[in-house]
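Here is the structure we will look at.
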Amino acid sequence: MRADRLLSLVLLLRNRGRMSASALARELEVSPRTVLRDIDALSTAGIPVYAERGRDGGFELLPGFTTDLTGLTVDEAKALLAAGSAVTSESLGMAPAFASAMRKVVAAMPDAHRAAATKVAERVFVTQGTWLTDPEPVDDHLGLIQQAVFVGRRLSILYPSRGNDAVWRVIDPQGLIHAAGRWYLVATDAGRDRTYRLERIEDVRELDEPAQRSADIDLAAIWERRRSAFRARGTPVVADVLVHRERRDDLVERAYAVRSEQSVDGDRLRLEVVFGDDSHARGVLWAFGEDAEVLAPDALRAALRSRALRMAARYE
């Protein structure tokens with residue numbers, strides 16, 4: 001059972017310290033990809049597993065975290081397992097079992113680390129709801145970012161704004177939100193509240209500086225506020241776009257969702273893409289130049305054509 005494997009994974013990391021994905025895969029007799037999915041499940045459940053990069057890197061538990069998980073019931077183990085899926089334990093009717101399982105995890109910790117572990121749990125919020133998107137694969141930077149959230153360290157991230165190239169930003173991470181298979185980093189940038197999609201972070205570095213943040217946080221309330229504000233900004237735009245194959249991933253990264261995709265010829269793909277609003281759609285697609293063509297809606301085609309004519313007139 002996967003629940004048994006998750007428990008075995010925690011015990012391996014507790015007893016042996018840092019281990020690579022391949023070493024864990026050999027011990028558990030599964031593939032490294034399965035190990036990565038299990039690591040994500042544990043992280044989502046609030047167990048502080050993080051990644052250390054480099055030649056001697058691997059996965060390990062947050063220093064000082066110890067627990068005896070052998071007292072979990074079947075329902076509690078299933079609840080922990082469900083926490084790592086796109087469906088939350090609450091939606092499966094297992095919220096009481098999940099709460100009980102996490103109480104046992106916390107109760108088994110040494111007194112010196114119990115308060116810190118409780119604060120760690122406050123920094124991760126899991127919800128089914130999202131703004132516009134479907135589930136996506138686990139992000140490569142999750143481990144390092146999660147570690148910074150747990151220990152309260154500043155981050156420098158390489159992140160693009162709408163329709164623009166990525167730039168380095170120094171941020172104070174406040175917490176992580178997992179929504180419909182995607183991770184979001186709640187942070188402040190020079191004191192301003194921001195939410196970053198982890199899959200759009202191109203690079204990240206942990207700084208040797210403490211993050212500026214309050215001792216307490218309510219991620220559920222923050223998520224609801226920011227989601228409501230996002231929805232109020234405008235009406236989502238669905239565009240029918242022809243894009244060169246080599247630019248396909250660039251378009252997907254800058255959009256909020258892809259509803260359909262088909263091959264047109266050897267060089268181009270046809271995608272039905274969802275943008276947050278009209279301004280978002282115009283900014284992203286303008287940046288693609290001749291590498292993308294909007295087939296619909298007509299209003300978006302007209303807006304891009306009008307802008308192109310104005311630019312052409314300026315440079316005549």
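When a residue number appears, it is its place in the shown sequence, counting from 1.
Identified under the side-chain hydrogen bond (donor to acceptor under 3.5 Å, both in side chains) test for residues 287-305, with sequence neighbours left out: Arg247-Asp291. Screening residues 193-217 for ring pair (Phe, Tyr, Trp, His ring centres under 6.0 Å) gives Tyr159-Tyr196 as the qualifying pairs, with residues at least two apart or on separate chains.
The heavy-atom pair separating Ala281 from Val237 by the smallest distance is CB-CG1, 4.2 Å. Of all the heavy atoms in Leu300 and Ala239, the pair that sits closest is CD2-CB, 3.9 Å. When all heavy atoms of Ala25 and Ser31 are compared, the pair lying nearest together is CB-C, 3.8 Å. Nearest heavy atoms, Pro173 versus Ala211: CD-CB, 4.0 Å. Closest of all the heavy-atom pairs between His141 and Val204 is ND1-CG1, 3.6 Å.
No more than 12 heavy atoms of other residues, nucleotides or ligands lie within 6.0 Å of CZ in Arg314, so this atom counts as exposed by the packing criterion. Applying the 6.0 Å contact sphere to CD of Glu29 captures no more than 12 heavy atoms from other residues, nucleotides or ligands.
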Between Leu28 and Leu12, does the side chain to side chain contact (heavy atoms under 4.5 Å, CB included) criterion hold? Intermediate values first, please.
CA-CA 9 Å; Leu28 298 172; Leu12 278 171; 3.8 Å; yes
Side chain to side chain contact (heavy atoms under 4.5 Å, CB included) between Arg205 and Trp168: does it pass, once the steps are laid out?
CA-CA 10 Å; Arg205 300 167 185 168; Trp168 284 100; 3.5 Å; yes
Using the side chain to side chain contact (heavy atoms under 4.5 Å, CB included) rule, take Val273 and Leu285 through it: C-alpha gap first, then chi angles, then the decisive distance, then the call.
CA-CA 11 Å; Val273 188; Leu285 293 167; over 6 Å; no
Dump the intermediate steps for side chain to side chain contact (heavy atoms under 4.5 Å, CB included) on Leu176 and Phe150, then the final yes or no.
CA-CA 10 Å; Leu176 284 164; Phe150 286 164; 5.9 Å; no
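Using a 4.5 Å cut-off on side-chain heavy atoms (C-beta onward), Leu295 and Arg270 make contact. In this structure, the side chains of Leu13 and Leu24 come closer than 4.5 Å at one or more pairs of heavy atoms. Under the 4.5 Å side-chain criterion, counting only non-hydrogen atoms from C-beta, Trp183 is in contact with Asp40.
Val294 and Leu309 fall into different hydrophobic clusters, where Ile, Leu, Val, Met, Phe, Trp and Tyr are joined by side-chain heavy atoms under 4.5 Å apart, directly or via other members. Criterion: ILVMFWY side-chain heavy atoms under 4.5 Å apart, direct or through other members. Under it, Val274 and Leu242 are not part of a common hydrophobic cluster. With hydrophobic clusters built from ILVMFWY side chains whose heavy atoms lie under 4.5 angstrom apart, Val284 shares a cluster with Val258. Placement of Val241 and Leu269 within a single hydrophobic cluster is found when ILVMFWY residues are connected by side-chain heavy-atom separations under 4.5 Å, directly or transitively.
Every residue two or more places apart in sequence or in another chain was checked for a salt bridge (Lys or Arg N to Asp or Glu O under 4.0 Å) with Arg194, and none qualifies. Residues satisfying the side-chain contact (heavy atoms from CB on, under 4.5 Å) test with Ala166, not counting sequence neighbours, are Leu158, Pro160, Glu202. Here Arg268 pairs with Asp265 under the salt bridge (Lys or Arg N to Asp or Glu O under 4.0 Å) rule; sequence neighbours left out. Take Arg245 and apply the salt bridge (Lys or Arg N to Asp or Glu O under 4.0 Å) test, not counting sequence neighbours, and it matches no residue.
Taken to the nearest 0.5 Å, the CE atom of Met19 stands 9.0 Å off from the CG atom of Leu9. With rounding to the nearest 0.5 Å, the separation of CG in Leu144 from CD1 in Ile201 is 9.5 Å. Atom OG1 of Thr188 is separated from atom CD of Gln212 by 8.0 Å, given to the nearest 0.5 angstrom. Rounded to the nearest 0.5 angstrom, Phe275 CZ and Leu251 CG are separated by 5.0 Å. To the nearest 0.5 angstrom, Leu185 atom CG is 8.5 Å from Thr195 atom OG1. Of the inter-residue distances, the one linking Glu209 atom CD with Arg153 atom CZ reads 9.0 Å to the nearest 0.5 angstrom.
Ring orientation note: the planes of Tyr184 and Trp223 are tilted relative to one another, at an angle of 30° to 60°.
At least one donor-acceptor pair closer than 3.5 Å links the side chain of His280 to the backbone N or O of Arg254.
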